[in-house]
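Below, chains carry the letters A, B, ... as their sequence lines are ordered, and counting in each starts from 1. As a basis for the values below, the full set of heavy atoms in this structure was taken, side chains included, without hydrogen atoms, waters or symmetry mates. Since the structure is predicted, the reported quantities are computational estimates derived from the model, not experimental observations.
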2 protein chains.
Amino acid sequence: MPDLPGLHAGDPARRIPPASVARLTIYLRALNSLIADGTERVSSEELADAAGVNSPILRKDLSHLGSYGTRGVGYDAQFLTRQISSALGLTLDWRVAIIGVGNLGRALAGYPGFVSRGFGIVALVDADQLVVDTEVGYLRVSAVDELEAVLERTRTNIAVLCVPTSVAQEMCDRLVDAGISSILSFAPVVLQVPDHVQVRKVDMSTELQILAYHAQRAQEPDLGPISRAQ
Amino acid sequence: MPDLPGLHAGDPARRIPPASVARLTIYLRALNSLIADGTERVSSEELADAAGVNSPILRKDLSHLGSYGTRGVGYDAQFLTRQISSALGLTLDWRVAIIGVGNLGRALAGYPGFVSRGFGIVALVDADQLVVDTEVGYLRVSAVDELEAVLERTRTNIAVLCVPTSVAQEMCDRLVDAGISSILSFAPVVLQVPDHVQVRKVDMSTELQILAYHAQRAQEPDLGPISRAQ
DNA sequence: TCCTGTGAACTCGTTCACAGCG
DNA sequence: CGCTGTGAACGAGTTCACAGGA
């Protein structure tokens, strides 16, 4: 099937491969840091180094957005930042509610990288009466009974789930019923949600276990097939 | 090249694809939860459902470890748990040091899922004199000046980096120089490390941005190539 | 007959080499 | 001439269909 007229690489309708989307967020951070250091123009090689990838894959990733570089020269750092932000939808305003204000929820509420780049925390919700109505990072904590009302009033479009594992699915169901379709979960469980809901998981125990796997293999190099063959 | 004698699928020397390793940790959790509910035997279909994957890929993942199921029946939940744990290296003891005892470091120190399954927190380290020598979750916080001595004394083999972005690379270098080769970082930067060092990153702002990308696309269904073609 | 284990087909992602433009 | 943008080759990962043992 030939491309339709008006549908070139830079068209926002063109879906960006998931692996590219993940890397685009890294490029954005690398660009920020380069711009902070006074960089105006950057080559694919330089940006790739800063992002910890190789330059062909960076160019291929950027090509999904369109042709925003200058051949023989490189990319305008500011302009490229805007293009990536726009492609990722970071120019819209994202209203984040943190559900569960324990140690982790508190850490997130105070996390500076959270507020930057279009994400604003608009609500904190907790079940513990000792926490409800206290102030955490300039926001008053709401009671979980009022969850649905708070989500509606604040026009929350992203929820961050920091509740104990045992109530994570239940709370997730309430979020979905309240019309939330983007959830970032810190609970170490597989959440069951309808197809239209996007769930991303941040999971420290999985990451630790992956580290353990690699460390274990590094400890036993003599078990490798090559050395065993000799 | 034919397989060498003694090198079958279940041999620990056989490298497990990264994508499978990540899922194996999920199966482990799903199995735990099934066992807690009294399950003794489980089919690939049931376990796959609990883990949120399809059954062929679960069977393929398990086949990297060996043939631990019974055809026509399924898997013994306890036995399979032991086999996966062993393949991931979770039977060894992993000594974790938390570097940076801010909000996030504190949250991790108290995180129950952390201590379970072979991971034990053995040290807390911070640069803030107000925090040093205080007790956090039954451990005394050590000064960052003593980092190298603490890592050696506690025989730390995994470090968790929860320090501010600005000092993350510097602290990472010190960890590497002190002989640490497994690092879990919460800092939103690309850490430069030698090849033999494994770094895993947990990155909330990346995850949020990925959610934003999908939510943005869901908001504008009319831009899809199919509907535009009509 | 049931459900596991696995080659073979296929899809997705990465690497490469170079055409093309400034 | 330099660096971007991209088709084409390659490799990793997933799906499928079914062979094969309990």
Side-chain angles (χ1 to χ4, degrees), chain A residues 1-3 7-11 14-27 31 34 39-77 79-80 83-84 87 210 213, chain B residues 1-3 7-11 14-27 31 34 39-77 79-80 83-84 87 210 213:
Chain A
M1 183 178 78
D3 269 359
L7 250 195
H8 56 83
D11 197 297
R14 210 156 194 142
R15 125 190 153 74
I16 304 172
S20 285
V21 173
R23 282 189 300 264
L24 285 171
T25 70
I26 311 290
Y27 304 155
L31 279 168
L34 288 169
T39 304
E40 291 180 5
R41 274 205 310 249
V42 65
S43 70
S44 63
E45 191 80 31
E46 291 164 341
L47 185 51
D49 281 355
V53 300
N54 54 30
S55 62
I57 208 164
L58 178 133
R59 292 201 299 276
K60 178 131 274 182
D61 286 340
L62 294 184
S63 79
H64 291 120
L65 316 184
S67 299
Y68 298 131
T70 310
R71 294 176 193 225
V73 178
Y75 303 87
D76 178 290
F79 182 70
L80 187 56
Q83 294 307 320
I84 297 177
I210 294 172
Y213 170 73
Chain B
M1 182 179 77
D3 269 358
L7 252 193
H8 56 85
D11 196 299
R14 212 159 193 138
R15 121 177 206 302
I16 304 172
S20 285
V21 173
R23 283 189 300 265
L24 285 171
T25 70
I26 311 291
Y27 304 154
L31 279 167
L34 288 170
T39 304
E40 289 179 6
R41 272 205 310 248
V42 65
S43 70
S44 62
E45 191 81 31
E46 292 163 340
L47 184 51
D49 280 355
V53 300
N54 54 30
S55 63
I57 209 165
L58 177 132
R59 292 201 299 276
K60 178 132 278 184
D61 286 340
L62 294 184
S63 78
H64 291 121
L65 317 184
S67 299
Y68 297 131
T70 309
R71 293 176 194 224
V73 178
Y75 303 88
D76 179 288
F79 182 71
L80 187 56
Q83 294 306 321
I84 297 177
I210 294 172
Y213 170 73

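- Contact annotation: the side chain of A:Leu62 approaches that of A:Leu80 to within less than 4.5 Å [non-hydrogen atoms, C-beta and beyond].
- A:Arg59 meets the salt bridge (Lys or Arg N to Asp or Glu O under 4.0 Å) test with no other residue; sequence neighbours excluded.
- Taking atom CZ of residue B:Arg41 and atom P of nucleotide C:dT4, one finds them 11 Å apart after rounding to whole Å.
- Comparing A:Arg71 and B:Val42 by the nucleotide of DNA chain C whose heavy atom lies nearest to each, the residue mapping closer to the 5' end is B:Val42.
- An OP1 or OP2 oxygen of C:dG5 is reached within less than 4.0 angstrom by a side-chain nitrogen or oxygen of B:Tyr75.
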>> Let's go through A:Val53 and A:Tyr27 carefully: what are the C-alpha distance in whole Å and the side-chain angles of both, what is the deciding distance for side chain to side chain contact (heavy atoms under 4.5 Å, CB included) to 0.1 Å, and is it a yes or a no?
In response: CA-CA 10 Å; A:Val53 300; A:Tyr27 304 155; 3.9 Å; yes

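- By the 4.5 Å heavy-atom criterion applied to side chains, A:Ile84 and A:Tyr68 are not counted as neighbours.
- Here the C1' atom of nucleotide C:dC12 and the CZ atom of A:Arg15 are 9 Å apart, to the nearest Å.
- Rounded to whole Å, atom C1' of D:dA12 lies 11 Å from atom NE2 of B:His64.
- To the nearest angstrom, C1' of D:dT4 lies 16 Å from CD of A:Gln83.
- One can place CG of A:Leu80 at 17 Å from P of D:dC3, the figure rounded to the nearest angstrom.
- Among C:dT6, D:dG13, D:dG5, the nucleotide with an atom closest to any side-chain atom of B:Pro18 is D:dG13.
- Atom OH in A:Tyr75 sits 11.5 Å away from atom CD in A:Glu46 (nearest 0.5 Å).
- At least one side-chain heavy atom of B:Leu24 sits less than 4.5 Å from a side-chain heavy atom of B:Leu65.
- Of all the heavy atoms in B:Ala48 and B:Leu58, the pair that sits closest is N-CD1, 3.8 Å.
- Of the side-chain N and O atoms in A:Ser43, none sit less than 4.0 angstrom from OP1 or OP2 of D:dC3.
- Near DNA chain D, defined here as any heavy-atom distance below 4.0 Å, the residues from residues 53-60 of chain A are A:Arg59, A:Lys60, listed numerically.
- The CG atom of B:Leu62 sits 9 Å away from the P atom of C:dT4 (whole-angstrom rounding).
- Side-chain nitrogen and oxygen atoms of A:Arg23 include at least one within less than 4.0 Å of the OP1 or OP2 phosphate oxygen of C:dT14.
- Atom-to-atom, CD of B:Glu45 to P of D:dT15 comes out at 13 Å; the value is rounded to the nearest Å.
- Both A:Thr70 and A:Ser20 sit near DNA chain C, but only A:Ser20 has its closest nucleotide nearer the 5' end.
- The nearest whole Å value for the distance from the CG atom in B:Asp61 to the C1' atom in C:dT6 is 13 Å.
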